[in-house]
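Scroll down for the structure; my scribbles are underneath it.
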Amino acid sequence: MTQLNPRQKEAVLYIDGPCLVLAGAGSGKTSVITRKIAYLIEQCDIPARHIAALTFTNKAAREMKERASKLVKGSASRGLTVSTFHNLGLNIIRREHKSLGFKPGFSIFDSEDARSLLKDLMMKDGDLDSDHLDLVQHQISNWKNDLIIPARALSVAQSPGEQAIALIYQRYNQALRAYNAVDFDDLILIPVELFQTNAEVLQRWQRKIRYLLVDEYQDTNSSQYLLVQLIVGNRGALTVVGDDDQSIYAWRGARPENMSLLKQDYPSLRVIKLEQNYRSTSRILRVANHLIANNPHDFDKALWSEMGLGDPIRVLRCKNEDAEAERVATEILTQRLRKQYKFRDFAILYRGNHQARLLEMKLQQHQIPYKISGGSSFFAKTEIKDVMAYLRLIVNPDDDNAFLRIINTPRRQIGTSTLEALGGYASERHISLFAALDELGLQSRIPEKNLERLQRFAHWIKQVTRNCGGDRPVDAIREMLNDIDYEGWLHQNSASSKAAEKRMENVFYLVESLQKTIDKNSSDDDEGEESRIEDAVAKLVLRDMMERQEEEDLSDQVQLMTLHASKGLEFPHVFMVGMEEELLPHRNSIEDNNIEEERRLTYVGITRAQRTLTMTLAGKRKQFGEMSETTPSRFLDELPVDDVEWEGFGEQSPEKNLAKGEETLANLLNLFD
DNA sequence: CAGATATTATTTTTT
DNA sequence: ATAATATCTG
């Protein structure tokens, strides 16, 4: 406790009511949460199994759990719940699945699954084409996050278009039910509905969770906040930690206003600000504060530090994107030599993943070791999606989406016409595709040869499922992959045999993770049930894998990632590239008039830097294959002049051109409507 | 049914 | 420029 500053101490010790900790960047919020957990266990005699902390990512959950257990003496932290919102939701649904009407092994549809299901539904309808797919998916997600059920969506629809989407929403939910599946939003929504309608169940969970802590509270959406409210009830045993200036996920439903709402919903709320920063130089914080002051605020906050003034922020304007990447590479090389920095001390942050391409090339040319994090994720890889689909079908035969993905992968000579016939039959009988294969009525619809292929598949899957019921389920999975010669299939479908080997490695890694997850579930014994492959598969869909080899983290590499991915991290020397209008702020955000979030994104980038910060931009940039002139980002105008060194602008400061002036004015005007 | 060719839309990302 | 997706041909 002696290592905490007075504000932090207050946040840890205050347990008499709901508590909001406004934790600025680098202010030690994780320390506050973990120490508070330790305090609750050791000084307040709340057993660890009655404390829950919620985060948004598995990584954050893992870290927090680890740090908390280190703080607590002995094994007193056993049974502590530190999980993501979605994992908690999954556990609630799993425990209550009977009364909710789900069969064990129910599937979790990721957004790609949801998308393909919606596509199917809309094709049948006809009047909504695929242009609207994203819109529809987004709207449905919004409705779910706002706890609006299909019937309600139908009745409040403002336009025929909205009405049509509401109808698809209704059928989408019905389809999910039929597939014995839930989507990501349901993982929160269904527990909330359950708690609202079933006081007995709610009470049981309230007895289980006596104190609740929430991290990154500014990223909660409406249903997540409601879940928090329901669990906490009127006990006020709640601590939330967040920073409204670091809210960068509004585009996926986050409601930063939940921070202000908390004040209204809990009048006795204690608000504690953490403004001392332990990460950056005063210069960097001055720049960050100055920029973010352009956003409206419900809670005022200004970061300060005792880390010294530091170097001015540099803004480098380069001829084109090529020169920009080149400049960053040479800067890293020279600074490393001059100042004895390590490669790992540098991070290059950008708005969009595509920007990594050029940088990657230049770094390679200069033989600079680098690591790109983010981009296409492990679970987006086709080989992983394929194997996951096999796992899902084994665990939940009603999962038509999984069925369709793998029925002809590897090739089994089963084509669209056969599947259409099967689909037609299944929907008439209101059964799943897999179940339909057992029926005799199919004989009149599908040529014998094709039917035989289908049934051979069905028979084989059933055998694999039986094998998985034994005590070595993962061996059964390995055998299954052997049966279909998945490795051969990968070799056939990869650009090189090297690529195929890499992909097979991924598959093996997934299978290992499955084994580890099963082992972990059985040792945790939190449910008291025997370890089941069903649970492990569900966990894997939520990407709760054991951490991948950390060898790379320890090695000396320049870090490349998007601004979004950098939240929560820190680096001695940060480069923010592409500081241009249409890129940062992004074009779409300009169109949607969502400049404030882009400004926060810039703020997040700036506050990652510990010692030096360099921003770069290109005068010309190739976009969609066409070279075009760029305009410096409006955010550069919002930096305090005294703390910035400009280079490549001709004059002392960035020229203010007409186009930029107009945009700034337009933005101002928009504040009033 | 499978491979070849034309078209098309291109942020951020975790669960 | 590129990658994913729709359409066409053998």
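Just so it is clear: chains get the letters A, B, ... in the order the sequence lines come, proteins before strands, and each one is counted from 1. Everything numeric here is computed off the predicted structure, so don't read it as measured data.
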Q.
Please report the distance separating the C1' of dT14(B) from the corresponding atom of dA3(C), rounded so that it comes out in whole Å.
A. 23 Å
Q. With respect to the side chain of Q413(A), which nucleotide from dT11(B), dT13(B), dA2(B) is positioned closest?
A. dA2(B)
Q. Between K567(A) (NZ) and dT15(B) (P), how many Å, whole number?
A. 13 Å
Q) Within the structure shown, what part of the strands sits under 4.0 Å from R411(A) by heavy-atom distance: base, sugar-phosphate, or nothing? A) sugar-phosphate
Q. At under 4.0 Å between heavy atoms, what does T418(A) touch on the DNA or RNA strands: base, sugar-phosphate, or nothing?
A. sugar-phosphate
Q) Is a donor-acceptor contact shorter than 3.5 angstrom present between the side chain of R252(A) and the base of dT14(B)? A) yes
Q: Quickly work out the L583(A) CG to dT11(B) C1' distance and round it to whole Å.
A: 10 Å
Q. With rounding to whole Å, what would you report as the distance between dT11(B) and dA6(C) at their C1' atoms?
A. 24 Å
Q.
Whole angstroms only, please: what is the CD-C1' distance between Q492(A) and dG3(B)?
A. 12 Å
Q | side chain to side chain donor-acceptor pair (under 3.5 Å) partners of Q364(A), counting only residues at least two apart | A | Y370(A)
Q) Mind checking what makes side chain to side chain donor-acceptor pair (under 3.5 Å) contact with Q224(A), not counting sequence neighbours? A) none
Q) So, is N58(A) near the phosphate of dT15(B), with a side-chain N or O under 4.0 Å from OP1 or OP2? A) yes
Q. Which ranges of DNA chain B pair up as stems, where a stem means three or more consecutive Watson-Crick or G-U pairs with both distances under 3.5 Å?
A. B:1-10 with C:1-10
Q. So, is the end of the R252(A) side chain (NZ or CZ) under 6.0 Å from the ring centre of Y249(A) and within 45° of the ring's axis?
A. yes
Q: Tell me what F184(A) touches on the nucleic acid: a base, only sugar-phosphate, or nothing, going by heavy atoms under 4.0 Å.
A: base
Q) In whole angstroms, how far is the P atom of dT14(B) from the CG atom of D186(A)? A) 21 Å
Q: Give a yes/no verdict on base stacking between dT15(B) and H86(A): centres under 5.5 Å, planes within less than 30° of parallel.
A: no
Q) Would one find a side-chain N or O of S417(A) under 4.0 angstrom from OP1 or OP2 of dC1(B)? A) yes
Q | Length of the line joining L189(A):CG and dT15(B):C1', which is rounded to integer Å | A | 15 Å
Q: Determine: side-chain N/O of K144(A) to OP1/OP2 of dT15(B), distance under 4.0 Å, yes or no.
A: no
Q) More 5' along DNA chain B: E598(A) or G415(A), using each one's nearest nucleotide? A) G415(A)
(Q) Any N or O donor-acceptor pair under 3.5 Å from the base of dT12(B) to the side chain of R351(A)? (A) yes
Q) Would the F56(A) and H86(A) ring centres measure less than 6.0 Å apart? A) no
Q.
Closest-nucleotide mapping onto DNA chain B: is T84(A) or L419(A) further toward the 5' terminus? I mean the 5' end.
A. L419(A)
N/O to N/O distances under 3.5 Å, protein versus nucleotides 2-4 of chain C:
{"unit_1": "dA3(C)", "atom_1": "OP1", "unit_2": "R357(A)", "atom_2": "NH2", "d": "3.4"}

**Q.** For Q246(A), all residues meeting side chain to side chain donor-acceptor pair (under 3.5 Å), sequence neighbours excluded
**A.** D243(A), R608(A)
Q: Find the distance H564(A):NE2 to dT12(B):P and express it as a whole number of Å.
A: 9 Å
**Q.** Spacing of E582(A) atom CD relative to dT10(B) atom P, expressed in whole Å
**A.** 16 Å
Q) Does NZ or CZ of R177(A) lie under 6.0 Å from the centre of the six-membered ring of F102(A), at an angle within 45° of the ring axis? A) yes
Q) What nucleic acid atoms does I248(A) come within less than 4.0 Å of, heavy atoms only: base, sugar-phosphate, or nothing? A) nothing
Q) Of the candidate nucleotides dT13(B), dT14(B), dT11(B), which contains the atom at the shortest distance from the side chain of T562(A)? A) dT13(B)
Q.
Once side chain to side chain contact (heavy atoms under 4.5 Å, CB included) is applied, do any residues pair with V395(A), and if so which ones, sequence neighbours excluded?
A. I533(A), E534(A), V537(A)
Q | Centroid distance under 5.5 Å and plane angle under 30°, F85(A) vs dT15(B) | A | no
(Q) Rounding to an integer number of Å, can you tell me how far Y249(A) OH sits from dT14(B) P? (A) 6 Å
Q: Return yes if some donor-acceptor pair links the side-chain N/O of R445(A) with the main-chain N/O of G424(A) below 3.5 Å, else return no.
A: no
**Q.** Sidechain N-carboxylate O distance under 4.0 Å for E597(A), R600(A)
**A.** yes
Q. Does OP1 or OP2 of dT12(B) have a side-chain N or O of S589(A) closer than 4.0 Å?
A. no
Q: Please determine if a side-chain N or O atom of S141(A) lies less than 4.0 Å away from the OP1 or OP2 oxygen of dT15(B).
A: no
Q. Going by an N to O cut-off under 4.0 Å, is there a salt bridge joining R621(A) and E580(A)?
A. yes
Q. Side-chain N or O of N408(A) less than 4.0 angstrom from OP1 or OP2 on dA2(B)?
A. yes
Q) Hey, does the side chain of R412(A) reach the backbone of I407(A) with a donor-acceptor pair shorter than 3.5 angstrom? A) yes
**Q.** Q355(A) side chain to R351(A) backbone, donor-acceptor under 3.5 Å
**A.** yes
Q) Does N353(A) make a side-chain N or O approach to OP1 or OP2 of dT13(B) shorter than 4.0 Å? A) yes
